[in-house]
Every structure is written in structure tokens, then in C-alpha cells.
There are 2 protein chains.
Amino acid sequence: MGAPQVKARTTHGRRVTGQKVLITGIDGYSGWPLALHLLARGHSVVGLDNFVTRKRVREVGSWSATPIPSWPRRQASVREVLGKELGFHSGDLGDYEFVRRVLAEEQPDAIVHLAEQRSAPYSMIDVHHAVDTQVGNLTGTLHLLYAMKEACPGAHLVKMGTMGEYGTPNVDIAEGFFEVEYRGRKDTMPFPRQAGSWYHWSKVFDSGDVMFASRIWKLRTTDVMQGVIYGIRTPEITDDRLLTRFDFDETWGTSLNRFIAQAVLGLPITPYGKGNQRRGFIALEDSMQSLRIAVENPPAPGEYRVLNQFDAAYSVNELAARTAEVAAELGLHPTIEHPENPRTEAEEHYYQPVHDKLVALGYRRSRELTEVVREIFRDLRRYRRRLESRRHVVEPTVRWSSADSRPALDARSPPRSAPAPDAPASGTTERSTA
Amino acid sequence: MGAPQVKARTTHGRRVTGQKVLITGIDGYSGWPLALHLLARGHSVVGLDNFVTRKRVREVGSWSATPIPSWPRRQASVREVLGKELGFHSGDLGDYEFVRRVLAEEQPDAIVHLAEQRSAPYSMIDVHHAVDTQVGNLTGTLHLLYAMKEACPGAHLVKMGTMGEYGTPNVDIAEGFFEVEYRGRKDTMPFPRQAGSWYHWSKVFDSGDVMFASRIWKLRTTDVMQGVIYGIRTPEITDDRLLTRFDFDETWGTSLNRFIAQAVLGLPITPYGKGNQRRGFIALEDSMQSLRIAVENPPAPGEYRVLNQFDAAYSVNELAARTAEVAAELGLHPTIEHPENPRTEAEEHYYQPVHDKLVALGYRRSRELTEVVREIFRDLRRYRRRLESRRHVVEPTVRWSSADSRPALDARSPPRSAPAPDAPASGTTERSTA
């Protein structure tokens, strides 16, 4: 199906092409396009999901701007559009016997672990969301590590982490490890982690567990310090049936997603606080490229490899300005406002993370920010009605300084003219979208 | 009751004496003597426990060498021997409503949080013990942090961590934070954590959550990087009814505890591997002194304070030699053997942790290692029969390199002449000992 013919070679004894890859969280924002990308590149793909992201997005009264078909339809579309088979196991990583059985049956060459609660604000809603986020993420990763050791110890784990593990220190951010000189002696040590939400801390905890499991069981592992991903499309998304999610509410939408949704809806674009918070970003297509490069270049047994996976750093203000520029090109009249920051974070800080390893493995940027922002605007204007019906979920109600933001979240009211959050707005795919 | 009259002064607006202290895990090895010590010093104490340590020690077929009375008897003994009242709430930190209610009712000045699974080998038994350890410890701490924010935001959390969070880097270990110079810039950052078991990682995770909660909610917190504690007695333990636990099995006993039990039982003393593993140690009495100093000198609101709480570093070989010397004084004929190390750890390494802050707050060593080892021998020889009946639980079966040590653990056989592990050996207190 048009997959480029890459010459097969081996790295540390693993096939570069034709690998069997298990993707946990395959129904999610990046799991889905990763499956399409790996299939197009000649790998075989098996997925695993419990569909909890759809449920959690419904829980906060939102849905994806792009309509997401039910899983059986997604699977059928892969067959119809790409002519490929996509294996699948429905289940929860919290069930150890399920995880062990899937790994024993499938014997994957690589496991790309994306099945985690991925929203910082969602984790900050209240004590139960905090605990569920940390417990769920940590348990899934521990279960995968044990199941690998028991069922497929030679497989390569590619674990989705976040650049947010590092926080915003006043020195350059190393790529996982750095040389420390302290009181006249030297050592190479993990770069200190200073995360900014319960969610981000859950990824720090995973990193500790993955590093430790690599050491005691000689597992091959890659810990991906992922930057914020932007975009809805990859070259493999050639049909609307293959679209991935686009979340835009305060908990599930990234800052850029919310800004573009605000511009489309005629709402002010709202960078939080001063807006000089800088983060690393990467286009969806380039994140998929990076994950594939990680899969095709596994580390040696026992090696815990950390990749800082982002393309460029932008401030929130830069993203707001870029969004406003593109909106203006399209005849919209965007405004920018600075609400009080609902998060506890530095609004002026140094930010210079190293990100060399993927480039050394062959990574090349394929998408520019402005081009992707234009593409997102084009797609969102087609789904404007879906945005309109949820325009009340974009503004922040979850505050880091509060131990219980649930009442504020629940008090948001849908626009009078819009259908209720849990009533389908149109079509047959809506029931399963979130 | 002979409590020294300390002049009341305030630190950051808190009373130094006469504080109300909530101890979670009050039925445990250090929770119990801490309650006695704080009561003797004029503080009031409320405890909380779910008695899970007793249950878990029974689970691995062991018990405390010192007989531990049921909780109602312990509470009654405090009244009879010390003439003090000890408040108590029976319950689980995994139940958020319980935690919030206790904090709201009690309004403690300080919370000393000791209610965590505390054994590295226990956490390494299999996947379920790994998950239970990390999930249980992390959930209890998160629940306490949220309950403090909701019910008593001015209270001071003293959280029990471990020196094992740091691992054994090739540089000095800072006391929580250190100045980093990297690529020409400087910052003060958390000292990197490199723990050596799922249990030790759980404490790293707690440290992240406590640091973050201090920042977003301006909580007063002290994170205690506790060295290995040795000893059974403190000055307040003036009666056998007030004894604390002494665990000696492979999972719950420290290396020193196991060595002394081996010497008493006529078994070889067995430092694992080369035995040059060095760790920080502190006498029980001095650990209690340190925790009291932390309670009486609370940090400012929003301050996350880290204390490296140990007195001196020893290698496992030094502990074995010290044990053998004292055993020989007592007419025993100890031998030392070096079994294969069941753990994955460096057996030759640099170890030089800073521990200045407690000394600056007034800490002074009150017990010497050899003196305490002699005291432990004296106590254990009185309870020799309890050791004898569990002599099969001292040797290691839990291996870091295995994903499932349960079969090896279960295959251990009690000595033929001894009572079965779950049959009471003598007296009426046995049923509730573990």
C-alpha cells in the first residue's frame, strides 16, 4: 500500500522493518495516527484500548471537534482505505492477567505505550482525579513491565512521557541524563524532575519505574519526553474516516487547540497569565515520525534511553499571535486576552532543552507550525457546529490552587441554542465520540 | 510524668511544646515509640492505623520477635504506665472521606506520616506486591495532602521517606537540593533520585507529590530521608508492655536485625554479595529525637524541607563484624558467610551523604551502635523461642532479578519442631502479633 521500501537492517539484533508493534491506547489522539503510520511503513500493528478517553472527555461535557467513529468502524476503515489488517484487544492495563496474556499471545517486537491519562488539568480537578491519574498511569506501566519480563523480555518498550517532567529550570535541560560535578567529584545522573501537575508527576514516576526495570531485568526501553503535539493530520489520514481526535475543552485541549477553537468561535484567544511560559512543540506527523524512528532503532538490552521529542520551543504568547495571524488571513477578527492563570507555574523563565538524539537517528522536521495551524483552521471550520455546541467548555474552571474544582466545572452551562452535552448533535458516529 | 520542661517558643508561628500531633501508622515499628516519646515531651498524640503491617508480616509466615499486644492493650498500657491518653482512629488512608474527617475533627498541629509499606523485598515479591506498595503509599500521601489542604492547611506534614531515594551516586549526596552548574548556567535543583526497589521508588514518588503540594497550596512540609533504624528500645519503653516490633525475616527485617537473629539462632551471619554496600544508619531513640525536632521546628508555609536523617554510615560487612563481636562477647560462636546477592545493587560504591540540618536544629547522637547491638541481643535472647519457631524465614528467597518470587517464598518450610506459622506459640498476645 505505497509503503516506502526501506532496506531491512538490524540494530541490536532487531528488524528495522516488518516489526510487530503493540500500541496501547490505539484509540487515542496519537495512538491512532501512529497505527496508520506504522502500517504504511510496512510494520504490523496490534492495538489495545479500553476507550476511557472517550468516556473522560464526555465526563467533562466535551467531545472531539472531529467526529470519531466507533472502534469497529475505525478498524473497518483501515481495511477499506489502507487494505491493511489491524489487530486489537479490548481491555484495561489495570488487569494484569489481561496484559500478560496479550503480550504472551502477540509476542510483539515493540510496545508503544500511550495508554495513560494525558491531561494535566483533568488530574487537577479534585483528589479523586489526582489519585486516579497517578494510580492508573503507574499501574499500567508496572503491569506492562512485569508482563514484558514474563512474556516477551526481548521486546522494546517505547514509553510516552512528557517534556513537562523536567519543569522549567534555570539551566539547559539535558536529554535524560547529565554530568554532575558536586563537591569535587563527578557522576552521570538523571536530570532532576520538577513537574507541574499530578499528571506530569505521574510521568516522572513512570520514568523511575521504567529506568529501574531496565536495570534489574535488562529490558530495552525508550522513555519519550514528548513535547506538546499539534495538528490533526498525517499523510496517512487520506479520508475523513481516518481522522484523529481534536480536543479543545479546558482539560483535554492543548493551549494551541483552545486558541484555534476560540478564534473559530469568535471568542477571545486567552493565553493564561503573562503568556511567556515556553514549552517544546512538535507536529503530529513529526511525533509519529519520531516514534517510528525510536521503534526502528531499539536500544540494547538493559539500556534505558531517554529522547527529548520536540521540534521547537514557543511561548504561549507566540502561539496566540500565530493563531491570530492565521485567523486574520481567513477573514476572522481575533482578539487576545490574558485571564488570570489557573495554573501555578512560572510565567517568565529560561527554557533551553537539549534535543539531539532523534536528529542523530535521522529525524527531520516535515511540518512548519503556521502551515499546520492553517490546516487545523480548515478542518475546524468544517466541524464548526460541533465546536459551537461545546463553546462553554473552553474557558478554564480547574484551578491548581483549589483542592476541588469539580463544582466550578459542573456549573458551566451549555449555550441555550446548543444540544445538551450528552445528546448526539448529528450523525451516527456521535454516540461513540468524546 | 517526668517530661523535661522545655520553654515554649514559636517557630514560624507554631508552638514548640504542647503540640497536637497525629501519627499515621502509630501501631508500627517507629510510630509506636514516637507516640511514647512525644507524649513524654508534653505533646498530645492521636494515632491512626489499619494494622496492615501485622497482617503482611503474617502473610510471609513471620512475626515480631518481641510480642506485640493488641491495640486496645497498647492503648491501655500507655494509660497505666505513662498516665497519658492516646487518641486513636482505626482506618485506612486509602479511604479519603475517613482521612478528611479525622483531620477536620482533630485539627492537628503536625502530622507525622509513617503509614506506608516499608519493605523493599516485600515490594519485590511479584507484580501485585509491587503495585500494592506503590499505589498504597502514593494514595495515602495524596489523600493526606488533599485532606490537609481542605481541613487543616496550616498543619505541618512530616513525611517519612528514605535515604534509599538517592541510591549510591559517585558524588556526595546533597540534603534534598543542590546547586547545579550546567552549560554555563546555575540553578538550585532537587538532587536526582535513583532508588533501588519498587518500595524505594514509591518514596521518591511521594517526595515529588509532597514538594508539588507545598508549592501549589503553601503547605508546611518536611520530607525525612530516613536512614536504616536499629534498636528496640527508647527511654520511654520502661515496661515490656511498651515494646515495639522487632522484625527479622528476609522481607521485614533490616540487615542488622537479620544478622543478630542469625547469631542468636546459631545460623551463619549473611551479608549479601561482597558486603561493601554502605548505608546511613540511626538508632531508634535518635530517629525519634530527630522526628520530634522536626515537629518542634516547623518550616514556613509553602516550604518543602528535606532532612537527611541518619547518624553514621556503615557497610553491611561492618554490621556483620560488629554483630559477630558482640555475639562472641556473649559466648556465641558466630560465622559469617556471603551468599549471592538477591538484590540488584552496587556492592562497591562511594557513599557520602550530607546530613547537617538536624544537627543545626539541635540533634545530638545519644546511642552508639555497639551499645544498641548489645541491648538487642539481650532482648532477643529473652524471646529466643519466638525466633526459633521462625528460623526458616531469615534466608533470602525474594530476588530482584525474578518477576515472581512467590513460589520460592511459599516453598520455605518451618522447622519440624516448631509450631506452624499461624498457630500461637505462647500466651494471649500472640494472636495479634505479626
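Everything numeric in this text was worked out from a predicted model, so none of it was measured. Chain naming here is simple, since letters A, B, ... match the order of the sequence lines and numbering starts at 1 in each.
For the pair B:Val171/A:Met189, a side-chain contact is recorded, criterion being any heavy-atom separation below 4.5 Å from C-beta on. By the 4.5 Å heavy-atom criterion applied to side chains, A:Phe205 and B:Leu138 are counted as neighbours. Two residues are said to be in side-chain contact when any heavy atoms from C-beta on lie closer than 4.5 Å; B:Pro190 and A:Gln194 meet this criterion. Between B:Val354 and A:Arg183 the shortest side-chain heavy-atom distance falls below 4.5 Å. At a threshold of 4.5 Å between non-hydrogen side-chain atoms, the residues B:Leu142 and A:Val127 do not count as touching. Inter-residue side-chain proximity for B:Phe212 and A:Thr344 is flagged as unmet; no heavy-atom pair is nearer than 4.5 Å. Between B:Asn170 and A:Tyr182 the shortest side-chain heavy-atom distance does not fall below 4.5 Å.
For A:Ile216, the parts lying under 4.5 angstrom from a heavy atom of chain B are both the backbone and the side chain. When heavy atoms are compared at a cutoff of 4.5 Å, A:Tyr96 approaches chain B solely by way of its side chain, counted from C-beta outward. Contact annotation for A:Ser202: neither backbone nor side-chain heavy atoms come within less than 4.5 Å of a heavy atom of chain B. With a threshold of 4.5 angstrom between heavy atoms, A:Lys149 approaches chain B through side-chain atoms but not through N, CA, C or O. For a residue to count as touching a neighbouring chain, one of its non-hydrogen atoms must lie under 4.5 Å from one of that chain's; by this rule A:Ala147 does not touch chain B.
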Quick one: do A:Phe178 and B:Val180 satisfy side-chain contact (heavy atoms from CB on, under 4.5 Å)? Show the steps, please.
CA-CA 10 Å; A:Phe178 72 144; B:Val180 170; 3.7 Å; yes
